[in-house]
Student: 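Okay, handing you the structure first.
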Amino acid sequence: MSEFKVVLDVGKTAAKLSLWSPDGRMLAKREHLNATVSGPGYRALDVAGIEGFLRDGLREFAGIAPVGAIVPVAHGAGFALLRDGRLALPPLDYEQPLPESLAAAYDRERDAFELTGSPRLPDGLNLGAQLFYLESLHPELFARGSVILPWAQFWAWHLSGVAASEATSLGCHTDLWQPARSAPSPMAVRRGWADCLAPLRRASDCLGTLTADWAARSGLSPQVRVYCGIHDSNAALLAARGFPQIGNQDSTVLSTGTWFIAMRSTPTPVDTSGLPVRQDCLVNVDAAGRPVPSARFMGGREIELLTPGGGVRIDDPDSQPGLLAALERIHDPLQIPFPTLVHGTGPFPEGRGGWVREPADATTRLAATSLYAALVTDRMLDLIGTQGRLLVEGRFAAAQGFMRSLATLRPDLEVLAASAQNDVSCGALRLIDPSHRPSGSLSRVDPLPRDLRDLRDAWRQSVELREPG
């Protein structure tokens with residue numbers, strides 16, 4: 001469509017707002033680091049901070065171009081509870097620990113992986129666990145008449161006043177959805193939560209226009225359309241399908257940020273019943289409502305934990321030449337960190353993570369961290385049966401040490417790097433205009449001039465020896 005569009009991308013670490021021209025160019029982008037605030041007895045997401053950032057950003061964009069549409073995107077481990085047309089409680093931060101007794105009770109309540117495609121994840125990473133916890137604290141707020149909104153759709157409601165649910169947001173490790181049936185899970189029905197879910201809409205549906213209040217606060221036209229929106233990893237998958245190299249072929253898209261999420265896109269549905277639930281595999285749901293075999297680990301967070309202090313990062317352009325040279329010097333598997341630093345996540349959820357023989361110099365530590373991320377990703381790809389092509393998008397697609405290590409570990413794949421870091425936004429724009437093509441290009445990643453198979457085998461054997469039991 002020939003109009004200017006805005007994408008609101010609410011991630012866990014940061015919220016981003018971008019303005020796009022009718023011909024698909026990004027004209028402006030603003031970013032806000034999200035805070036964690038105190039809720040009534042728990043850690044909460046900072047709605048007020050994101051709202052202020054959104055207001056200021058939209059007001060700025062209103063002075064640049066006549067905006068016609070807004071599309072929200074968000075991570076999948078947040079939700080909002082409405083009561084009498086208002087936010088009833090601050091949304092829970094998914095890293096809030098749950099009391100052990102309550103977590104055990106929830107484990108008895110939730111449905112089998114075969115029904116939901118949701119593994120049991122730590123803290124509040126399953127939305128069902130968040131609902132269970134908040135309902136124990138405030139049961140009166142979950143009575144008839146309450147409305148449950150996924151996080152992306154909360155922001156769509158915030159702007160338009162129209163409440164909706166959506167399948168990609170409900171189908172990403174929430175415990176609330178049955179991907180094969182496109183219906184709420186038995187637990188969601190049993191607990192009465194299904195009755196509270198806002199009406200189901202498609203991610204590409206226009207919910208309405210800006211409320212009068214938001215039109216006044218933002219300086220935008222009250223005729224600006226607000227779309228239902230989509231889960232962020234599914235937006236990246238939708239964007240990747242816009243490349244002719246990916247299209248409807250058997251390919252895997254690896255979205256990299258706080259989380260590394262691998263989603264296998266296939267031309268025909270594949271059997272997901274054999275996914276190893278205990279290794280952070282899950283079934284996502286794409287924008288068309290189809291099940292997508294997926295695997296994940298908290299890659300960006302673990303890289304931060306391995307390279308503390310805010311110094312040089314593994315994706316800093318200036319660090320790449322020395323980092324690549326240092327990769328040639330790593331032959332001892334004990335110089336590579338062991339998984340898992342964020343316990344309970346990823347393909348080695350019970351691993352006791354950290355350094356065994358931490359390299360003395362910073363460059364070699366960066367190289368070992370890059371290799372660690374590639375080794376864990378390699379295992380994720382095994383678990384979901386990746387074949388054909390692998391497209392890496394997001395922040396760490398620019399980390400050559402990670403990317404070239406991964407290409408070396410996977411000679412069976414054509415490993416491609418996306419040159420732009422706006423793939424989530426592109427997927428959001430493709431909801432409005434399916435003909436929209438991703439910006440930038442894909443480049444084939446060259447492997448390192450060495451064989452990493454023996455090092456991988458030795459590292460995996462060492463990991464197995466360190467795992468409990």
Side-chain angles (χ1 to χ4, degrees), residues 74-82 91-92 94 98 102-136 139 141-144 146-154 163-203 228 230-231 233-234 261 263 269-296 344-345:
H75 67 80
F79 86 97
L81 182 70
L82 306 184
L92 188 78
Y94 67 66
L98 274 59
L102 186 137
Y106 179 70
D107 288 344
R108 295 189 293 271
E109 186 75 19
R110 61 191 298 272
D111 300 310
F113 176 79
E114 289 72 21
L115 285 177
T116 65
S118 292
R120 180 64 173 106
L121 301 175
D123 301 332
L125 279 167
N126 300 110
L127 280 191
Q130 293 189 32
L131 288 167
F132 196 74
Y133 178 46
L134 292 179
E135 189 176 46
S136 74
L141 296 179
F142 285 79
R144 184 176 296 276
S146 295
V147 178
I148 296 171
L149 294 176
W151 196 220
Q153 286 68 55
F154 167 73
S165 295
E166 182 273 328
T168 69
S169 301
L170 291 174
C172 58
H173 60 80
T174 65
D175 282 345
L176 303 178
W177 197 247
Q178 295 186 80
R181 295 187 56 197
S182 297
S185 67
M187 178 187 67
V189 174
R190 199 166 56 244
R191 303 285 308 181
W193 300 335
D195 291 336
C196 295
L197 289 173
L200 190 68
R201 303 286 294 270
R202 292 174 299 184
C228 185
I230 189 170
H231 171 230
S233 296
N234 280 283
I261 302 176
M263 306 176 73
V270 296
D271 182 14
T272 59
S273 62
L275 289 176
V277 58
R278 296 185 183 279
Q279 293 177 274
D280 217 347
C281 288
L282 62 147
V283 180
N284 274 292
V285 176
D286 71 10
R290 296 173 297 193
V292 177
S294 307
R296 33 174 253 158
T345 65

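Quick caveat, the model's predicted, so the values are computed rather than measured.
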Student: For the OG atom of Ser182 and the CZ atom of Arg290, what is their distance to the nearest 0.5 Å?
Tutor: 11.5 Å

Student: For Ala129, which residues count as a side-chain contact (heavy atoms from CB on, under 4.5 Å) partner, sequence neighbours excluded?
Tutor: Leu98, Tyr106, Arg120, Asn126

Student: Using the side chain to side chain contact (heavy atoms under 4.5 Å, CB included) rule, pick out the option among Val189, Thr174, Thr116, Leu200 that qualifies with Pro184.
Tutor: Val189

Student: Check this for me: Arg278, atom CZ, are more than 12 non-hydrogen atoms of other residues, nucleotides or ligands nearer than 6.0 Å?
Tutor: no

Student: Just wondering, do Gln153 and Glu166 contact through their side chains at under 4.5 Å, heavy atoms?
Tutor: yes

Student: Looking only at non-hydrogen atoms, find the nearest pair between Cys196 and Ala143 and report the distance.
Tutor: SG-O, 4.5 Å

Student: Mind checking the OG-CG spacing from Ser118 to Leu127? Nearest 0.5 Å is all I need.
Tutor: 9.0 Å

Student: If we only count heavy atoms from C-beta on, is the Pro119 to Asp280 side-chain gap below 4.5 Å?
Tutor: yes

Student: Once ring-ring contact (aromatic ring centres under 6.0 Å, His included) is applied, do any residues pair with Phe79, and if so which ones, sequence neighbours excluded?
Tutor: none

Student: Could you check whether any side-chain heavy atom of Leu275 comes within less than 4.5 Å of a side-chain heavy atom of Val283, counting everything from C-beta outward?
Tutor: yes

Student: In Å and rounded to the nearest 0.5 Å, what is the CZ to OG distance from Arg201 to Ser165?
Tutor: 11.0 Å

Student: Distance from His173 atom NE2 to Leu282 atom CG, nearest 0.5 Å?
Tutor: 6.5 Å

Student: Does a side chain donor of either Asn284 or Ser294 reach within less than 3.5 Å of an acceptor in the other side chain?
Tutor: yes

Student: Under 4.5 Å between any side-chain heavy atoms of Val285 and Gln178, yes or no?
Tutor: no

Student: Hey, are the side chains of Leu82 and Ser146 touching, using non-hydrogen atoms and a 4.5 Å cut-off?
Tutor: no

Student: Got a second to check how far Leu170's CG is from Asp175's CG, nearest 0.5 Å?
Tutor: 12.0 Å

Student: Shortest non-hydrogen contact from Gln130 to Gly124?
Tutor: NE2-O, 2.7 Å

Student: Quick check: closest heavy atoms across Ser169 and His231, and the distance to 0.1 Å?
Tutor: OG-N, 3.8 Å

Student: For Ser273, does its backbone N or O pair with a side-chain atom of Asp271 as donor and acceptor, under 3.5 Å?
Tutor: yes

Student: With heavy-atom distances below 4.5 Å as the criterion, would you say the side chains of Leu81 and Leu131 are in contact?
Tutor: no

Student: Between Phe154 and Ala80, which heavy-atom pair has the shortest distance, and what is it?
Tutor: CD1-CB, 3.3 Å

Student: Evaluate the side-chain proximity of Pro291 to Pro269: yes if any heavy-atom separation is below 4.5 Å, no if none is.
Tutor: no

Student: List the atom of Trp193, the atom of Met187, and the distance in Å for their closest heavy-atom pair.
Tutor: CZ3-CE, 3.8 Å

Student: Rounded to the nearest 0.5 Å, what separates atom OG in Ser185 from atom CZ in Arg190?
Tutor: 7.5 Å

Student: Under a 4.5 Å cut-off applied to non-hydrogen side-chain atoms, are Tyr94 and His75 in contact?
Tutor: yes

Student: Please find the pair of heavy atoms, one from Leu149 and one from Ala163, that lie closest to each other, and give the distance.
Tutor: CD2-CB, 3.8 Å

